[in-house]
Amino acid sequence: YTVMSDVAGVEIAAAMSALSAGLRAGVPTLLYCKAGKDRTGVVSAMTLSICGVSDEEIVKDYALSDGLESQLDQKGSIGASVNPEGLDRSAFEGAPAHVMEAF
């Protein structure tokens with residue numbers, strides 16, 4: 001997921017900024033995405049880490065998404081529409097724990 005800073009760094013920074021603004025304003029803030037696994041997973045992991053959640057719990061939470069992408073692809077919710085130029089989507093298939101452990 002270290003490639004995320006190259007591919008979606010601006011979006012990730014904007015999401016973290018929005019979450020921070022909501023916190024400062026004392027208002028609830030919702031974080032969501034079509035699949036909620038890659039960019040949203042990175043933002044969620046960063047937010048959980050800032051809140052003091054252990055790396056082990058973050059990895060377990062992330063791994064709950066493993067296997068859901070194929071179900072979403074079958075429903076036409078995601079797929080080729082989410083594919084920045086030059087990005088190998090196969091690297092983002094599934095949500096195995098080792099991916100978040102490396103992040």
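For clarity, every value in this text was computed on a predicted model and none was experimentally measured.
- A distance of 12.5 Å separates CG of D61 from CD of E56, quoted to the nearest 0.5 Å.
- Both M16 and L31 sit in one connected hydrophobic cluster of ILVMFWY residues. Membership requires side-chain heavy atoms under 4.5 Å apart, directly or through other members.
- With rounding to the nearest 0.5 Å, the separation of OG in S17 from CZ in R24 is 6.5 Å.
- Exactly one of L30, T29, I50 qualifies for a side-chain contact (heavy atoms from CB on, under 4.5 Å) with L19. That residue is T29.
- In this structure, the side chain of S44 engages the main chain of T40 through a donor-acceptor pair within 3.5 Å.
- Heavy atoms only, all atoms of each residue included: V53 and E57 are closest at CG1-CB, 3.6 Å.
- In this structure, the side chain of T47 engages the main chain of V43 through a donor-acceptor pair within 3.5 Å.
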When you look at M46 and I12, which way does the side-chain contact (heavy atoms from CB on, under 4.5 Å) test go after all the steps? CA-CA 10 Å; M46 292 169 62; I12 291 170; 4.1 Å; yes
